[in-house]
Amino acid sequence: MSDTSKTATLTIDGETYDLPIYSPTAGPDVIDIRKLYGSAGVFTYDPGFTSTAACDSTITFIDGGKGELLHRGYPIDQLASKSHYLEVCYLLLYGELPSAKELEHFETTITNHTMIHEQMHNFFRGFRRDAHPMATMVGVVGAMSAFYHDSTDISDERQREIASHRLIAKMPTIAAMAYKYSIGQPFVYPRNDLDYAANFLHMCFAVPAEEYVVNPIMARAMDRIFTLHADHEQNASTSTVRLASSSGANPFACIAAGIACLWGPAHGGANQACLEMLKEIGTPDRIPEYIARAKDKDDPFRLMGFGHRVYKNFDPRATVMKQSADEILDMLGVEDNPVLATAKELERAALADPYFAEKKLFPNVDFYSGIILEAMGFPTSMFTPIFALSRTVGWISQWKEQLADPQMKIGRPRQLYQGPTERDYVDIEKR
Ligand code: CMC
């Protein structure tokens, strides 16, 4: 944050207040209102944080107008094509791309933490079989603080480090176990000879009765999905993690809070809704009907996988997802996938329509991801758990950044109170 020597002047009832303006390395300037209440006795009002920066960060930057997503300065399309998930994890956590030696050491560390405490299996068995895997994940990740006491002291930098590694390493194991439990199959232990994505596929799809060989193209596509979801600056679940952490809560409790927030359909659940919509449309000839519905103000229907609060251009993650969808379906020998054909024609028709152009509505990351995950064999209930495991590194990186920030304060928003003013209690017989 650098002082621009610019100030904003606010006038209230004839009194003027000068507010400092800071310039970021990229993105719009910010007006510092921290002293506003003390000097002017007013709050600012911004439900949904549409214009409010709640923290300093050096991790991820999005330029919604340009359709740009950078992690530590590196564009997401370059990371998705040239790097891989664990290298991106290192970049997000430590700020720089690792040397070959640093990467090897990091991969070994993560690999050594993939198993969960054996007694945690009992937690899974306590859930109903038909529990949603996200419900199971919220509970089990929260329960990690009851098992890993030696990494809950947030004032100890080494403990913070170990908690970070444990969460990144164990989340695929927990997500896969939640899935196996929901379909009544035995848990499959992690295999440390496999890479991160291949190990996850193995834990999800192997059974003890026969050998399961992970297809390398599937593993690459899985790794790409993890990479594309790794971080997305101050979104709802990340802000939830930061707010939970601001009270000094332990890392496992904070990440469980993030998982709970991600579960909502406006956040992590949109890819499931998009796939369901594409199936409902069924064939390209029905697209005009659905486009007309999306444009009709009296119809609540929206094109799922279209539009974004921040991106007013192509979501760069959607472009990579589309390529992956083609590759995966080619690899599986699916020549005429009706859902993919419908998706492509819907994208073409919407982009050619002035309504979507004027409102700057473009396909987002969720438009193609459900098609890929379904082709890989995942049920829709696993789409959000996969998002959660991918985003864990983003949550953890932002959590670590916040704890190291000397300006960190407990998060405590203000309110515009609209309720009754003080009044006397009325005894029950007089009401
Ligand atoms: N289909 C049709 N019209 C739309 C759509 C859509 N998908 N999205 C926005 N609009 C219209 C909306 O009706 C409004 O029109 P008007 O100005 O005439 O009232 C205008 O565009 C602005 O919409 P908004 O709801 O004010 O915009 P927002 O920034 O608050 O909402 C959004 C962003 C993502 C919630 C919204 O675009 C949407 O509901 N999209 C569909 C759901 C979806 O795909 N969500 C996944 C987001 S990406 C996942 C992630 O990064 O976490």
Side-chain angles (χ1 to χ4, degrees), residues 46-52 60-65 67-71 76 80 134 225-241 258-281 287-322 343 346-347 349-373 380 383-392 394-395 398:
D46 184 18
F49 297 106
T50 52
S51 299
T52 298
T60 293
F61 173 72
I62 302 172
D63 184 329
E68 180 180 70
L69 168 59
L70 309 176
H71 292 321
I76 189 65
M134 281 298 275
I225 288 179
F226 293 162
T227 302
L228 291 175
H229 288 92
D231 192 43
H232 213 226
E233 52 121 301
Q234 309 311 321
N235 56 82
S237 57
T238 301
S239 300
T240 301
V241 170
I259 297 173
C261 176
L262 184 80
W263 192 3
H267 193 1
N271 52 9
Q272 175 170 348
C274 181
L275 189 71
E276 283 161 4
M277 174 195 74
L278 291 170
K279 287 184 173 172
E280 188 187 309
I281 297 175
I287 287 171
E289 180 196 328
Y290 281 82
I291 290 208
R293 283 188 61 195
K295 289 158 58 175
D296 181 355
K297 284 276 150 252
D298 298 326
D299 188 332
F301 173 78
R302 284 185 170 200
L303 281 191
M304 287 292 123
F306 255 79
H308 197 276
R309 169 64 65 78
V310 182
Y311 293 116
K312 300 301 168 201
N313 202 325
F314 271 90
D315 177 341
R317 302 168 301 170
T319 316
V320 184
M321 277 299 179
K322 187 177 179 182
L346 180 59
E347 178 184 344
L351 292 178
D353 192 298
Y355 172 93
F356 293 89
E358 276 158 25
K359 295 189 187 300
K360 298 192 168 67
L361 300 170
F362 293 88
N364 61 48
V365 69
D366 293 323
F367 195 66
Y368 286 102
S369 62
I371 297 174
I372 305 176
L373 290 171
T380 48
F383 292 3
T384 321
I386 288 169
F387 192 159
L389 92 80
S390 320
R391 183 56 57 83
T392 296
W395 292 330
Q398 306 261 354

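Read the numbers this way: they start at 1 and go in the same order the structure lists the ligands and their atoms. Being a predicted model, the structure only gives us computed values, none of them experimental. In this chain, numbering begins with 1 at the start of the sequence shown.
Considering backbone and side-chain N/O atoms, Ala270 never comes within less than 3.5 Å of an N/O atom of ligand 1. Inclusion of Leu361 in the set of residues having an N or O under 3.5 Å from an N or O of ligand 1 is not warranted.
Lys295 does not count as a contact of ligand 1, since none of its heavy atoms falls under 4.0 Å from the ligand.
Protein heavy atom nearest atom 7 (N) of ligand 1, with residue, atom name and distance: Leu303 O, 2.7 Å. Protein heavy atom at the shortest distance from atom 40 (N) of ligand 1 is Phe306 O, 2.9 Å. In this structure, atom 47 (C) of ligand 1 lies nearest to the protein heavy atom Asn364 ND2, 3.6 Å. Scanning all protein heavy atoms for the shortest distance to atom 33 (C) of ligand 1 gives Arg309 N, 3.6 Å. In terms of protein heavy-atom proximity, atom 35 (C) of ligand 1 is closest to Arg302 NH1, 4.4 Å.
One distance of note links CG of Asp366 with CD of Gln272; it measures 11.0 Å at 0.5 Å rounding. In this structure, NZ in Lys312 is found 7.0 Å from CG in Leu361, a value given to the nearest 0.5 Å. Atom-to-atom distance recorded for Leu262:CG and Met134:CE is 5.0 Å, nearest 0.5 angstrom. Expressed to the nearest 0.5 Å, how far CD1 of Ile225 lies from CG of Leu373 amounts to 4.0 Å. Here the straight-line distance linking atom CD of Gln398 with atom OG1 of Thr238 works out to 5.5 Å at 0.5 Å rounding. Here OG1 of Thr384 is found 11.5 Å from CD1 of Ile259. Values are rounded to the nearest 0.5 Å.
Protein heavy atoms are absent from the 4.0 Å sphere centred on atom 26 (O) of ligand 1. Atom 1 (N) of ligand 1 lies below 4.0 Å from at least one non-hydrogen atom of the protein. Of the protein's heavy atoms, none falls inside 4.0 Å of atom 22 (C) of ligand 1.
With a heavy-atom cut-off of 4.0 Å, Lys359 touches ligand 1 through its side chain alone. Of the heavy atoms in Tyr355, only side-chain atoms (C-beta onward) come closer than 4.0 Å to ligand 1. Contact annotation: for Arg317 versus ligand 1, heavy atoms closer than 4.0 Å belong to the side chain alone.
Taking the six-membered ring for Trp and the full ring otherwise, His232 and Tyr311 have centroids separated by under 6.0 Å.
Between Phe306 and the options Tyr355, Phe301, Phe356, a ring-ring contact (aromatic ring centres under 6.0 Å, His included) holds for only Phe356. Test His71, Gln234, Glu233 against Thr60 for side-chain hydrogen bond (donor to acceptor under 3.5 Å, both in side chains) and you get one pass: His71.
Each of the following atoms of ligand 1 lies closer than 4.0 Å to a heavy atom of Asp366: 46 (C), 48 (S), 49 (C). Which parts of ligand 1 touch His267 is read off a 4.0 Å heavy-atom cut-off, strictly below it: atoms 52 (O). Near Gly305, with a cut-off below 4.0 Å to any heavy atom, the atoms of ligand 1 are 43 (C), 44 (O). When each atom of ligand 1 is checked for a heavy atom of Ala294 under 4.0 Å away, the hits are 2 (C). Ligand 1 places these atoms under 4.0 Å from at least one heavy atom of Gly307: 34 (C), 37 (O). In summary, the atoms of ligand 1 found under 4.0 Å from a heavy atom of Lys297, numbered by their order in the structure, are 13 (O), 15 (O), 16 (P), 18 (O), 19 (O).
Between the side chain of Asp46 and the backbone N or O of Ser51, at least one donor-acceptor pair lies under 3.5 Å.
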Let me see the working for Asp315 and Phe362 under side chain to side chain contact (heavy atoms under 4.5 Å, CB included), right down to the final yes or no.
CA-CA 7 Å; Asp315 177 341; Phe362 293 88; over 6 Å; no
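Closest heavy-atom contact between Asn271 and Ser369: CB-OG, 3.4 Å. When all heavy atoms of Pro363 and Leu351 are compared, the closest pair comes out as CD-CD2, 4.2 Å.
Taking each of Arg391, Met304, His308, Arg293 in turn, the one with a heavy atom nearest to atom 48 (S) of ligand 1 proves to be His308.
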